[in-house]
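Mind looking over this structure? Questions follow.
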Amino acid sequence: MKRLSLALLVATLCSGFLQAQVVKISNGGAFSSVHADQGAGVLENHVGSYSGFLGIEYLEKKWFMLSSEIGYFQQGGEEKEYVLVRDSPEDPGTMSSWTMKNDYIQLNTTFRAMTTTYPLFLYAGAGPKLDILVSGKDIVPPGETKAGTLERCIWGLKTEIGIGYEINDRFRMELNGSYDFNFNKAGSMPVMSPETTPSIISSDLSYRTFKVMATVGYRL
């Protein structure tokens, strides 16, 4: 099923390139955190990173268009905790942190509904996306050899809203915000049980990721 879905997504991208009306380059930031289905406080603070995409817009009509992209970004999170090594009873301890960032390539195609008042246009879209891990699969906290494993592929749904401006007959600019919903886990790792009697249990991890991107497009 995963191979079929990947084949369909790649076929959509290739078909889109053959019918491309606008080619575009997008740059911006990706902001993510990790949600653990067991335990609490596991990499739950947001981290930011650079995000860059190449894409096309095609089958554009007055109220509708398709957008397909391929690009690079990072997903992860930050965990902060107090280290209870004190010089005196009044010393609250020191704060330590662990940041995890993993490299991904994303393929996506979104179906955009839009409204136009030339030279401005507004749109909202949604469509399938695939995140492919291109860095190591091991989760390695400080001072440990390995604490968990990441999945190689994450399937999901990309949702987005944006505003665009037609500079002239050839060039357009866009500002886009998006949020990714994931259909499978990003990985798993052992965590401390939230129960009264602490124990180590396995927890599935998922990303919560949103992006803010600025785009320049060229009409063919």
Spacing of CZ belonging to R219 relative to CD belonging to E60, to within rounding of 0.5 Å: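 Between R219 CZ and E60 CD, I get 5.0 Å after rounding to 0.5 Å.
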Ionic contact status for K211 with D180, cut-off 4.0 Å: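 Result for this pair is yes, salt bridge flagged.
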Between S68 and Y58, is there a side-chain donor-acceptor contact under 3.5 Å, judged purely by atom types and distance? yes
With a 4.5 Å heavy-atom cut-off, do M173 and I167 have their side chains touching?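 A side-chain contact exists here, since the closest heavy-atom pair is under 4.5 Å.
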Where G136 and L150 come nearest, the two heavy atoms and their spacing: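 G136 and L150 have their closest heavy atoms at O-CD1, 3.8 Å.
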With S206, which residues qualify under side-chain hydrogen bond (donor to acceptor under 3.5 Å, both in side chains), at least two apart?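 Partners of S206 under the side-chain hydrogen bond (donor to acceptor under 3.5 Å, both in side chains) test: none.
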Could you check whether Y207 and N102, counting side-chain N and O atoms only, form a donor-acceptor pair closer than 3.5 Å?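 Yes, Y207 and N102 have a side-chain donor paired with an acceptor closer than 3.5 Å.
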Is NZ or CZ of K24 both nearer than 6.0 Å to the six-membered ring centre of Y218 and within 45° of the ring axis?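 No, cation not above the ring by the 6.0 Å, 45° rule.
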Just by modelled atom types, is the S26 backbone N or O under 3.5 Å from a matching donor or acceptor in the N176 side chain?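 Checking the backbone N and O of S26 against the side chain of N176, no donor-acceptor pair under 3.5 Å is found.
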Inter-residue atom distance Q106.CD - I132.CD1, 0.5 Å rounding: 9.5 Å
Is there a side chain to side chain contact (heavy atoms under 4.5 Å, CB included) between V34 and M100 once you walk through the steps? CA-CA 9 Å; V34 174; M100 179 182 75; 4.1 Å; yes
Does N168 CG have over 12 foreign heavy atoms under 6.0 Å away?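 Atom CG in N168 is crowded, with more than 12 foreign heavy atoms closer than 6.0 Å.
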Main-chain N/O of E78 paired to K101 side chain as donor or acceptor, under 3.5 Å: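 Not at all, since once roles are kept as given, no pair shorter than 3.5 Å links the two residues.
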Would you check, one step at a time, whether the test salt bridge (Lys or Arg N to Asp or Glu O under 4.0 Å) holds for E57 with R172? CA-CA 11 Å; E57 293 169 353; R172 65 170 46 167; 2.5 Å; yes
From CH2 (W155) to CG (N182), nearest 0.5 Å: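 One gets 12.5 Å once the value is rounded to the nearest 0.5 Å.
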Pair Y165 + Y118: ring centers closer than 6.0 Å: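 Centroid separation for Y165 and Y118: 6.0 Å or greater.
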Is the ring pair F210/H46 parallel, tilted or perpendicular, if the boundaries are 30 and 60 degrees? perpendicular
Between OG1 on residue T159 and CG on residue L157, distance to nearest 0.5 Å: 6.0 Å
Calculate, to the nearest 0.5 Å, the distance between atoms CD and NZ belonging to E151 and K137 respectively. 6.5 Å
Is any side-chain heavy atom of D131 closer than 4.5 Å to one of F73? yes
Going by heavy atoms in the side chains, are S51 and M213 under 4.5 Å from each other?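 S51 vs M213: side chains touch.
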List the atom of N27, the atom of G52, and the distance in Å for their closest heavy-atom pair.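 Closest approach of N27 to G52: OD1-CA, 4.3 Å.
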Does the side chain of I139 come within less than 4.5 Å of T149's, by heavy atoms?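 Answer no - side chains too far apart.
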Nearest heavy-atom pair of F53 and Y72: which atoms, and what distance? CE1-O, 4.1 Å
Taking the side chain as every heavy atom from C-beta outward, state whether T115 and W63 have any pair of such atoms under 4.5 Å apart. yes
Look up atom OG in S32 and atom CD in Q75, then write down how far apart they are to the nearest 0.5 Å. 6.0 Å
Cluster overlap L205 with V47, hydrophobic side-chain contacts below 4.5 Å: no
Could you tell me whether R112 and E160 make a salt bridge, using a distance below 4.0 angstrom between a side-chain N and a carboxylate O? yes
Non-hydrogen side-chain atoms of I154 and K129 separated by less than 4.5 Å: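 Yes, their side chains come closer than 4.5 Å.
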Mark yes when over 12 heavy atoms from residues, nucleotides or ligands other than I161 sit less than 6.0 Å from its CD1; otherwise mark no. no
Please evaluate residues F31 and Y179 with respect to the criterion ring pair (Phe, Tyr, Trp, His ring centres under 6.0 Å), reporting the C-alpha separation (whole Å), side-chain torsions for both, the decisive distance (0.1 Å), and the verdict. CA-CA 10 Å; F31 306 91; Y179 184 85; over 10 Å; no
Treating Q21 as the side-chain partner and L59 as the backbone partner, does any N or O pair qualify as donor plus acceptor under 3.5 Å?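 Looks like yes, one N/O pair under 3.5 Å.
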Do N108 and K158 come close enough that some side-chain heavy atom pair is under 4.5 Å? yes
Should L175 and L120 be regarded as members of a common hydrophobic cluster, given that ILVMFWY residues are connected when their side-chain heavy atoms come within less than 4.5 Å of each other, either directly or indirectly?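 Different hydrophobic clusters.
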Distance-only, no hydrogens or angles: does the S135 side chain make a donor-acceptor pair with backbone N or O of D103 under 3.5 Å? yes
Among Ile, Leu, Val, Met, Phe, Trp and Tyr joined by side-chain contacts under 4.5 Å, find the other residues sharing a cluster with F121 and list them by chain and number. M65, M114, Y123
Can you name the one residue among V22, V23, I70 that meets side chain to side chain contact (heavy atoms under 4.5 Å, CB included) with I56?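 Of the listed residues V22, V23, I70, the side chain to side chain contact (heavy atoms under 4.5 Å, CB included) partner of I56 is V23.
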